[in-house]
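Everything on this sheet refers to the single structure shown next.
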Amino acid sequence: MTVTKSGMSEDVADKINSLAKRRGFVFPSSEIYGGAGATWDYGPLGVELKNNVKRAWWRAMVQLRDDIVGIDAAILMHPRVWEASGHVENFIDPLVECGNCRKRFRIDELSDGDALMDQWRDGRADLSTVACPNCGQKKLGPPRRFNLMFKTFVGPVEDTASVAWLRPETAQGIFVNFENVQQSTRRKLPFGIAQVGKSFRNEITPGNFIFRSREFEQMEMQYFCRPADAPRLFDEWLAARRRWYDDLGIDDDLLRFREHAENERAHYAAKAVDIQFRFPFGWQEMEGIHNRTDYDLRRHMEFSGKDLRYFDEATNERFIPYVVETAVGADRATYALLCAAYDEEPDKEGIRVVLRLHKDLAPYKVAVLPLSKNERLTPLAREVYALVRPHFLSTYDETQAIGRRYRRQDEIGTPLCVTIDFPSLDDHAVTIRERDSMAQVRVPIADLVPALREKLGA
Ligand SMILES: [Zn+2]
């Protein structure tokens, strides 16, 4: 797929965000109350797009592979899970408060934030000469450790015995089910367990639209393997996951790998490489590939007292498997795919905005459009709509001029439009118009569904 890219700038971010709101992809949550601070609701087109992203991931990661199975674990887990995982102790951000204006900041938001983060990790962050980004005074207090997990209570009593956490990652639901899955499916190493689900992080500074929010959806896969195989599988997964984005039409120059330095890796990772996407606001992590070693299963063995070792019948050995993890945010991936698909091109009416979404991702596959709103055309157009609708997610539109309606479909990424005109009444044929090339071809209504199927590769 060739994509002509308009310059990726903040300006493009504004256009995409406004398109998302105007056309019903993404709305600010609780907007009639002034919004709920960096939380977002997916609208009628957004839920289709995001579902398609998740479906494409599930198909590639579970349904087309015989070495990966899926689960759907609960969000609320036993509180000991988060002690074992290290999140109670380690899942923290350094937070400073200005002694003058009382605003709070994460250290990495201050000027020279990256260097300050490095100093903080080494236990020697000096903020006495750093100015407050809000008021400019040099009165920032000492960094405090702020746990990013949302705390809640199970049952009517709010005491330490009833503490529960909203999960900050879906991975732990997989680790605690490792033995259940392995035994119920009689899997041999290597094999993976995949999951799509909501996670929650009490981010101090969420932002950049749906890129970073406190409630988000993850698509994670943990691949269990022999320790010696982990480095090779790590590289294989890195390549496989990048290919997935290629297959969905993201240009190569919008993707890159970035390896984490030792002092910025999460507490569980021996190696971590991000797949970054060039968002309009810069290169940012979209997906992380991690070698989690045997950290998680080992810790769950310690904390639960259960033996989670794998028994290798071939060698008569018992050992704790290593885990190579691929973790991508469904919201981030959706946003990246929107950015990658957004295009503008000059045409005789000014600018044509096109979402060049992969056909598998487009919310609607087909739009059925009578040439004009006319009592002679409407019945046949409705008939065609009824014919197409059971096969492809479709929409129907008969208001305004046909050119405007094509533009509306281009703007939401609909790959194909089917137009019913006056000759259709006699020749029982309709026109299929393609979004990207705007090429048009006339086909008999009797052949329409197979013709659409062929063009959509469905
Ligand atoms: Zn201040």
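Ligands are counted one by one from 1 in listed order, and the atoms in each one are counted from 1 as well. For clarity, every value in this text was computed on a predicted model and none was experimentally measured.
Aromatic ring centres of F209 and F211: separated by at least 6.0 Å. The distance between the ring centers of F25 and Y42 does not fall below 6.0 angstrom.
Each protein N, O or S atom less than 2.8 Å from the Zn ion (ligand 1) was counted, giving 4.
Y268 carries R292 over the face of its six-membered ring, with the cationic atom under 6.0 Å from the centre and within 45° of the normal. The side-chain tip of R201 does not point at the ring of F150 from less than 6.0 angstrom away and within 45° of straight on.
For Y223, the ring pair (Phe, Tyr, Trp, His ring centres under 6.0 Å) partners are W237, not counting sequence neighbours.
The aromatic rings of F281 and Y335 lie tilted to each other, with the angle between the two planes from 30° to 60°.
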